[in-house]
Protein chains: 2
Amino acid sequence: MHNNTVDNLIFGCEEDTLEIFLVKHGQGQSRGKWGLPGDWLLEGESLENAAARTLKERTGITDVYLEQLHTFSDVDRYPDERVITTAFFALIRPESYKTIVGETEMEVKWFPINKLPKLIFDHKEIVEKGLEKLKHKVRHEPIGFSLLPKKFTLLQLQNLYEAILETRVDKPNFRRKMKKMQLLVPLEEKQVGVAHRAANLYRFDEKVYRKLKTKGFVFEL
Amino acid sequence: MHNNTVDNLIFGCEEDTLEIFLVKHGQGQSRGKWGLPGDWLLEGESLENAAARTLKERTGITDVYLEQLHTFSDVDRYPDERVITTAFFALIRPESYKTIVGETEMEVKWFPINKLPKLIFDHKEIVEKGLEKLKHKVRHEPIGFSLLPKKFTLLQLQNLYEAILETRVDKPNFRRKMKKMQLLVPLEEKQVGVAHRAANLYRFDEKVYRKLKTKGFVFEL
DNA sequence: TCAAAAGTGTTAACTGTACACCCATGC
DNA sequence: GCATGGGTGTACAGTTAACACTTTTGA
């Protein structure tokens, strides 16, 4: 018999920076230290349920891309007793940032991915595993869109990819590639309040993607 | 507090056919039914340890590609009590087939992937998830080699890919692509006893792959 | 007018794909 | 000789990568 928990690795994107959501523990021996938001697995729920419940309790967010990442089970990963944790990763839009209602007894904060504080237990390892998966997945599936606002410009999209993959890409070629996939719907709407030519806004077309996928289409880069 | 188990999804390849290794349960309410070889997680071991231990106990095999697949936690996936299982997947070579020492009270057998018997619990779901992962992984990482004998011909390799991906590929183009990656070492050795021109044998060069990977090389198809 | 980013066009190099073909071997 | 698979060559189409260029806008 063992103790099982879930931990959520929540990615967000603000100002072309990839960020993750952390909570500062308010009690126990990890008091005052930052870690991933997590909770115990309850009797009547699956790990997936528990992850979604935890996300909702801690942030108020309900409708997101949430996927199982890995189960961490080293015998001594947790002090004193043995705890097995299943990590999930979630991608959320900037619009959701403001919906977050802080916990009563926990401080919560977004951290840029390259400015993380020291984390409790093996949470650093979890973050690294998640980052690796994100980098891989973002190239082979159109999940990057889940980190952007519903309406976005091609440059925002490009910046996001550059932030996640830590590379630079050629603007004209990137635009062409994206447009050719037919997954972006150009909106009758432009950026406002920018000190340069306003860019067209686009949205991701989930339906078209699902349709293409059944025909064997695979998203790449 | 919950019960945790591991289940191993063991892939093999015999005569151009992808197969998985199953055991027939000898006791309990699942007696007489086929399922994945698994066991309880013990106190002093990680899930990875448990999976390797189970593999060794059931087949005698120790040195294989073994990776965590997914953790299955539906509340009613197991009859009577709640059991959470973490599935692993393993790829083994034909040479290892003969090392398998049957259990005293369990019948064991390899099944071609498209001729599986009815499986206990949610093991069918586990197999499907594993197959999906195998199909994906085999295209993006050179793990297919782990299913072949140490020395293999290019046609064997091609047949393997065709079996896993359920497609046909052009022979000349496949050969060229593989050779260009520099991951195959041609051996001073040929097939024997075949009723046609003997093919050259190759082995996979793990070292070169690791070296190339650090330089940003990514295996594709 | 300038800076900043939007957006278009044009090349050359490289890859993927299809298919024609010759080679070696056992029966 | 013929069936079977080993193995090479080639040529076109399509894609990628690099970069020069014009356009629009607010300050």
Side-chain angles (χ1 to χ4, degrees), chain A residues 13 15-17 138-140 142 148-149 151-163 165-203 212 215-221, chain B residues 13 15-17 138-140 142 148-149 151-163 165-203 212 215-221:
Chain A
C13 177
E15 304 285 333
D16 305 339
T17 307
V138 93
R139 297 193 53 216
H140 302 287
L148 292 175
K151 303 169 180 182
F152 53 86
T153 68
L154 290 174
L155 189 61
Q156 277 180 291
L157 186 60
Q158 180 181 342
N159 286 336
L160 173 66
Y161 275 94
E162 291 182 338
L165 299 174
E166 299 174 282
T167 48
R168 317 244 70 215
V169 304
D170 181 82
K171 183 170 56 144
N173 295 334
F174 180 81
R175 308 170 76 84
R176 262 189 290 266
K177 189 162 197 169
M178 280 298 161
K179 284 181 161 180
K180 208 174 49 174
M181 290 198 222
Q182 313 269 10
L183 297 175
L184 299 184
V185 181
L187 302 171
E188 303 294 318
E189 205 174 334
K190 291 190 186 302
Q191 264 182 324
V192 287
V194 285
H196 54 77
R197 177 172 172 181
N200 211 326
L201 290 171
Y202 293 81
R203 69 172 178 82
L212 286 174
K215 291 181 188 166
F217 166 84
V218 276
F219 180 88
E220 285 292 339
L221 215 154
Chain B
C13 178
E15 303 286 332
D16 305 340
T17 307
V138 92
R139 297 193 53 215
H140 302 289
L148 291 175
K151 302 170 180 181
F152 52 86
T153 68
L154 290 175
L155 189 62
Q156 278 180 291
L157 186 60
Q158 180 180 342
N159 286 336
L160 174 66
Y161 275 94
E162 292 183 338
L165 300 174
E166 299 173 282
T167 49
R168 316 243 73 214
V169 305
D170 181 82
K171 184 172 57 148
N173 295 335
F174 180 80
R175 308 172 76 85
R176 261 191 291 266
K177 190 161 197 170
M178 279 300 161
K179 284 181 161 179
K180 207 173 52 173
M181 291 199 222
Q182 312 268 7
L183 297 175
L184 299 184
V185 182
L187 302 171
E188 303 293 321
E189 205 173 333
K190 292 190 187 300
Q191 265 182 324
V192 287
V194 284
H196 53 78
R197 178 172 172 181
N200 211 327
L201 290 170
Y202 292 81
R203 68 172 178 82
L212 286 174
K215 290 180 187 166
F217 166 85
V218 276
F219 180 89
E220 286 292 339
L221 215 152

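Here the structure is a predicted model, which is why all the values come from computation and not from measurement.
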Tell me the interatomic distance from [X], atom [atom1], to [N], atom [atom2], rounded to whole angstroms.
{"X": "B:Arg168", "N": "C:dT17", "atom1": "CZ", "atom2": "C1'", "answer": "16 Å"}
{"X": "A:Asn173", "N": "C:dT8", "atom1": "CG", "atom2": "P", "answer": "13 Å"}
{"X": "A:Arg175", "N": "C:dA5", "atom1": "CZ", "atom2": "P", "answer": "13 Å"}
{"X": "A:Glu220", "N": "C:dT15", "atom1": "CD", "atom2": "C1'", "answer": "15 Å"}

Distance, nearest 0.5 Å, that separates [atom1] of [X] from [atom2] of [Y]:
{"X": "A:Gln156", "Y": "A:Gln191", "atom1": "CD", "atom2": "CD", "value": "7.0 Å"}
{"X": "A:Gln158", "Y": "A:Asn173", "atom1": "CD", "atom2": "CG", "value": "10.0 Å"}
{"X": "A:Arg175", "Y": "A:Met178", "atom1": "CZ", "atom2": "CE", "value": "11.5 Å"}
{"X": "A:Thr153", "Y": "A:Glu189", "atom1": "OG1", "atom2": "CD", "value": "12.5 Å"}

### Query
Reading nucleotides 22-27 of chain C 5' to 3', which nucleotides get B (base under 4.0 Å from a protein heavy atom), which S (sugar-phosphate only), which -?
-BBBS-

For a quick check of understanding: with a heavy-atom distance under 4.0 Å over all strands, which category does [X] fall into, base, sugar-phosphate or nothing?
{"X": "B:Lys179", "value": "sugar-phosphate"}
{"X": "B:Lys177", "value": "sugar-phosphate"}
{"X": "B:Leu154", "value": "nothing"}

### Message
Show, in sequence, the C-alpha distance, side-chain angles and deciding distance for B:Leu187 and B:Phe152, and conclude whether the side-chain contact (heavy atoms from CB on, under 4.5 Å) test is met.
### Response
CA-CA 10 Å; B:Leu187 302 171; B:Phe152 52 86; over 6 Å; no

### Task
Begin from the C-alpha positions of B:Arg139 and B:Glu220 and carry the test salt bridge (charged side-chain N to carboxylate O under 4.0 Å, His left out) through to its verdict.
CA-CA 6 Å; B:Arg139 297 193 53 215; B:Glu220 286 292 339; 5.2 Å; no

### Query
5' to 3' on DNA chain D, which nucleotides open and close the contacts with chain A (atom under 4.0 Å from a heavy atom)?
D:dT16 to D:dG26

### Message
With nearest nucleotide decided by heavy atoms, which residue, B:Asp170 or B:Leu155, maps closer to the 5′ end of DNA chain D?
### Response
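Mapping each residue to its closest nucleotide by heavy atoms, the 5'-most match is B:Leu155.
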
### Query
Are side-chain heavy atoms of B:Glu162 and B:Asn159 found at a separation under 4.5 Å?
yes

### Message
With heavy-atom distances below 4.5 Å as the criterion, would you say the side chains of B:Leu148 and B:Leu157 are in contact?
### Response
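A side-chain contact under 4.5 Å exists here.
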
For residues 192-203 of chain B, which side-chain donor-acceptor pairs fall under 3.5 Å, sequence neighbours excluded?
none

### No-H, no-angle donor-acceptor pair, A:Lys171 side chain to C:dA5 base, under 3.5 Å
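Check fails, no donor-acceptor contact within cut-off.
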
